[in-house]
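Below is one structure, written out as structure tokens; comments come after it.
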Amino acid sequence: MKIDWAALGSVFGVSLVATVALVGLFTLGVVGLTKQEAASQAGGSGALARTGAYACFALCAAAVSYGIYLIVT
């Protein structure tokens with residue numbers, strides 16, 4: 001049995017980048033919700049922070065859904 005180390009390294013690299021990107025996007029969503037709460041407590045609306053947070057969460061959900069789609073099909 002021969003292992004294709006280049007392909008294994010490529011899969012590892014892509015998986016690492018995708019994981020860091022997805023966690024970073026989720027983190028931006030959580031930070032956006034925190035900023036929205038801080039703005040609403042200070043008397044502002046925080047609508048832009050809330051919209052950005054929801055967009056980050058929607059992109060996370062889309063990435064997870066696409067991953068499930070790739071596994072199923």
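Taking each heavy atom of Ala49 and Gln36 in turn, the nearest pair found is CB-N, 3.9 Å.
Applying the side-chain contact (heavy atoms from CB on, under 4.5 Å) test to Ile68 and every residue at least two apart in sequence or in another chain returns Val64, Val72. With sequence neighbours left out, Phe12 forms a side-chain contact (heavy atoms from CB on, under 4.5 Å) with Leu16.
Proximity of a side-chain donor or acceptor of Thr27 to a complementary backbone N or O of Val23 within less than 3.5 Å is detected.
Criterion: ILVMFWY side-chain heavy atoms under 4.5 Å apart, direct or through other members. Under it, Val30 and Leu33 are part of a common hydrophobic cluster.
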May I have the list of side-chain donor-acceptor pairs in residues 50-61 shorter than 3.5 Å, sequence neighbours left out?
unit_1 : atom_1 : unit_2 : atom_2 : d
Thr51  : OG1    : Ala47  : O      : 2.8

